[in-house]
> 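First the structure, then my questions, so here it is.
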Amino acid sequence: MQQNKDVILKLRDLKAHFPVKAGVFKRTVGHVKAVDGVDLDIYRGEVLGVVGESGCGKTTLGKAILRLVESSEGQVIYCSDDEQRDLTTLDNEGMVPYRKKLQIVFQDPHSSLNPAFTIFGSLEDPLKKYGVKSRAERRKIIGDLLEAVNMRPEYMDRYPHEFSGGQRQRIGIARALSIGPELIVCDEAVSALDVSIQAQVLQLLMKLKQEKNLTYVFITHDLSVTEYICDRIAVMYLGRVVELCDSEELYNHTLHPYTRALLSAVPVADLDKQTDRIVLEGDVPSPVNPPSGCPFHPRCQSAIERCKTDVPKLKRYEVDGRDHFASCHLVDLPEAV
Amino acid sequence: MLPIQRSKGDAMNEHQDVALSVKNLKTFFYTNKRCNKAVNGVSFDIKKGKTLCIVGESGCGKSVTASTIMQLLPTLSRIEEGEITYHSEHGDIRIDQLERNGEKMRSIRGSEIAMIFQDPMTALNPVYTIGFQISESLKYHTDLSRSQYRTRAIELLRDMGISLPESRVDDYPHSYSGGMRQRAMIAMAMSCSPKILIADEPTTALDVTIQAQIFELMDKLKKEHGTAIMLITHDMGVVAELADEVAVMYMGNIVEAGTVDEVLRNPTHPYTRALLASIPVLGKGKNQNVEAIPGSTPDPYDRPKGCQFADRCAYRIAACDVMPDETQIGSTHRVMCWRHEEVGANAAE
């Protein structure tokens with residue numbers, strides 16, 4: 001099943017560690033293991049959700065894919081019909097053609113647009129860089145982009161403060177789209193918006209995906225949104241993917257106890273749906289000094305002795321003929337070959 | 001959930017039940033010769049041992065309502081009209097008539113009515129220890145001795161589920177995690193066993209797993225101390241899980257209010273319906289029908305004439321140019337819409 005899907009990005013054992021420096025001589029005393037060994041295949045045309053609590057490394061993962069954060073180990077392999085290229089080995093110059101293919105929409109629409117530039121000023125830079133020489137042509141392209149995100153083309157001569165949060169986020173999306181990317185990382189793209197606006201932006205994202213055949217990596221902490229728009233979901237905990245499968249699978253056949261707790265903690269706007277809430281004790285442990293064995297074991301209600309010593313690997317299982325990855329010792333299923 | 005049934009002549013009982021009542025409250029802000037009618041005539045009761053949830057989008061006036069009750073409004077605003085009556089053990093107190101920082105208000109604020117703020121990092125003072133900040137309110141409102149403050153602070157932290165409270169009490173806010181800071185905030189708010197707890201988006205900045213912990217804690221407090229809780233939120237999920245009663249706000253008005261069952265099962269205001277339809281619900285899968293609300297909230301300085309929601313409303317008719325009156329459609333259920341009957345009928349389908 002996996003083979004016949006077209007992979008756009010392969011992450012292989014991707015790690016992003018940040019040194020912690022202390023003392024007069026700024027010696028390295030440890031590492032924040034923000035992303036600690038992630039293996040993922042991102043398929044062309046899918047929406048891959050990345051969920052987890054704050055501090056689990058989901059944003060760093062998104063940035064490491066685009067090399068906005070340098071990864072310390074591992075590979076990010078961009079695949080197209082004629083080439084396979086490890087992006088982590090490229091220098092800035094070498095990244096340029098790939099930047100055109102991979103774009104990002106940031107979380108906070110208030111701080112991701114330069115207040116001193118008009119919308120046109122903010123949006124024309126990438127176009128200049130990627131060879132649209134004439135100003136008239138740039139204005140035309142930006143006008144079309146704004147129309148594509150349901151805004152009026154005249155708005156391009158306004159400044160960011162004149163727009164509401166939802167409009168700014170749409171401008172952010174227009175900026176990401178401007179050079180025709182193949183993959184967009186949406187880093188909490190709707191989290192800062194009001195509920196009524198959130199649905200508008202989600203529907204816009206889905207419409208654009210259809211029209212332009214985009215691939216999204218959708219990073220969020222909101223599980224209801226993830227279920228609604230994602231094809232596959234990766235659940236992260238302390239820098240690692242603990243469960244990865246199709247989005248319906250995740251809700252119907254949850255394998256990892258962390259995912260189960262996470263799902264049960266979401267308040268649901270449905271009075272008939274009484275969930276047995278699993279309340280996790282304590283907070284996410286520090287990524288500088290993660291617990292031994294399974295990183296989740298101090299908060300896990302079903303932890304056994306083995307969880308304290310053995311680090312579980314992300315194993316592939318098959319549920320109803322579909323791939324389902326999970327890293328837990330307690331999964332009672334035969335591992336798929 | 002207990003159905004709230006009140007016989008009409010039972011006024012005495014009604015007062016014992018209600019901790020705070022707000023009647024036709026209007027709070028306006030004045031800036032640059034312009035007036036923002038942030039809260040434009042809201043009425044509700046907060047009942048003892050119950051949770052009232054106020055839902056709405058940003059800018060709808062829910063936080064202003066909370067700060068009006070606490071008399072924590074900025075200087076360029078004032079209570080234009082209306083009554084806020086606190087039904088204390090020693091008789092009724094009209095909070096709106098008290099001086100903002102007068103002695104009486106200061107004695108109520110923090111001890112009888114306490115508030116939890118949205119962002120625990122900005123609400124806590126980074127240069128004082130958690131223990132000191134909890135004892136501050138004990139110092140003003142109780143006659144405990146200095147050593148008793150500390151014991152009480154430790155006790156409170158333990159009640160809130162903070163591990164090793166004896167050493168944690170001397171820590172500064174920065175060494176607490178987000179969830180712990182919010183617990184410390186709740187400990188501060190609960191320090192004098194208030195009758196009313198106002199929580200302004202207490203979990204918006206927190207993760208879902210931590211949010212679940214905080215809600216469990218608040219539920220425990222409500223059951224054990226009979227505290228009346230007013231919870232401000234924008235999340236319908238939170239409402240469904242926690243609330244006994246709901247008030248939906250839009251642009252300074254309560255457009256619909258009632259018990260959770262009434263409002264969520266049978267929403268009769270188009271805004272409530274649209275709000276419920278615009279959020280994806282966990283467990284309903286990819287094919288659920290999520291409908292966005294068109295447009296955005298109007299500029300508060302340039303409001304539509306009649307019903308504030310009319311521009312975005314699918315049920316708009318000519319009559320909507322005039323603000324509809326509040327209609328009682330049940331003993332507890334009220335709505336502000338000209339076409340509530342049709343909307344309600346559609347919802348029931």
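For the numbers below, each heavy atom of this structure counts, side chains included, while hydrogens, waters and symmetry mates do not. Remember, predicted model here, so these are calculated numbers, not experimental data.
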> Going by heavy atoms in the side chains, are Leu202(A) and Val290(B) under 4.5 Å from each other?
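No. Closest side-chain heavy atoms not under 4.5 Å.
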> Which heavy atom of Asp270(A) sits nearest to which heavy atom of Ala240(B), and what is that distance?
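Looking at all heavy atoms of both residues, the shortest contact is N-CB, 3.9 Å.
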> Among Val225(A), Thr226(A), Leu223(A), which residue satisfies the side-chain contact (heavy atoms from CB on, under 4.5 Å) criterion with Pro280(B)?
Val225(A)
> Applying a criterion of heavy atom separation less than 4.5 Å, what residues of residues 207-216 of chain B form contacts with chain A?
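If one takes a 4.5 Å heavy-atom cut-off, the residues of residues 207-216 of chain B near chain A are Asp207(B), Val208(B), Thr209(B), Ile210(B), Gln211(B), Ala212(B), Gln213(B), Glu216(B).
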> Going by distance alone, is a donor N or O of one side chain under 3.5 Å from an acceptor N or O of the other, for Ser278(B) and Gln198(A)?
no
> Work out which heavy atom in Asp235(B) is nearest to a heavy atom in Pro267(A); give both atom names and the distance.
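Where Asp235(B) meets Pro267(A) most closely, the heavy atoms are OD2-CG, 4.3 Å.
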> Contact part of Val239(B) toward chain A, heavy-atom cut-off under 4.5 Å: side chain, backbone, both or neither?
neither
> Of the backbone (N, CA, C, O) and the side chain (C-beta and beyond), which part of Asn252(A) lies under 4.5 Å from a heavy atom of chain B, both, or neither?
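For Asn252(A), no heavy atom lies under 4.5 Å from chain B.
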> Given heavy-atom pairs under 4.5 angstrom as the criterion, report whether the side chain, backbone, both or neither of Val195(A) touches chain B.
both
> If you count heavy-atom pairs under 4.5 Å with chain A, which of Ile279(B), Leu275(B), Leu276(B), Leu282(B) comes out on top?
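It is Leu282(B).
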> Looking only at atom types and distance, does a side-chain atom of Gln288(B) sit under 3.5 Å from a main-chain N or O of Tyr228(A), one as donor and one as acceptor?
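No.
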> Top residue by heavy-atom pair count (under 4.5 Å) with chain B, among Leu262(A), Asn150(A), Asp222(A), Val279(A)?
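Answer, by heavy-atom pair count under 4.5 Å with chain B: Val279(A).
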> I'd like to know if the side chain of Lys286(B) reaches the main chain of Ile229(A), judged simply by a donor and an acceptor atom lying under 3.5 Å from each other, with no hydrogens or angles considered.
yes
> Top residue by heavy-atom pair count (under 4.5 Å) with chain A, among Met180(B), Met236(B), His234(B), Glu57(B)?
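It is Glu57(B).
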> Considering only heavy atoms, which portion of Gln203(A) lies under 4.5 Å from any heavy atom of chain B: side chain, backbone, both, or neither?
side chain
> Has Gln200(A) got a side-chain atom pairing as donor or acceptor with Gly295(B)'s backbone, closer than 3.5 angstrom?
yes
> Find the one option among Gly161(B), Gly59(B), Ala277(B), Ser177(B) whose heavy-atom pairs under 4.5 Å with chain A are most numerous.
Ser177(B)
> Does anything in residues 258-288 of chain B form a ring-ring contact (aromatic ring centres under 6.0 Å, His included)? List the pairs, not counting sequence neighbours.
Tyr250(B)-Tyr271(B), Tyr271(B)-Phe309(B)
> Nearest 0.5 Å please: distance from the OG atom of Ser58(B) over to the CD1 atom of Ile197(A).
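So the OG of Ser58(B) and the CD1 of Ile197(A) are separated by 8.5 Å.
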> Ion pair present between Glu227(A) and Lys284(B), side-chain N to carboxylate O less than 4.0 angstrom?
no
> Which bit of Ile278(A) is near chain B, if near means a heavy-atom gap under 4.5 Å: side chain, backbone, both or neither?
neither
> Only pairs of heavy atoms separated by less than 4.5 Å count here; which of Ala199(A), Ala265(A), Ala261(A), Ser196(A) has the most with chain B?
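Among the listed options, the one with the most contacts to chain B is Ser196(A).
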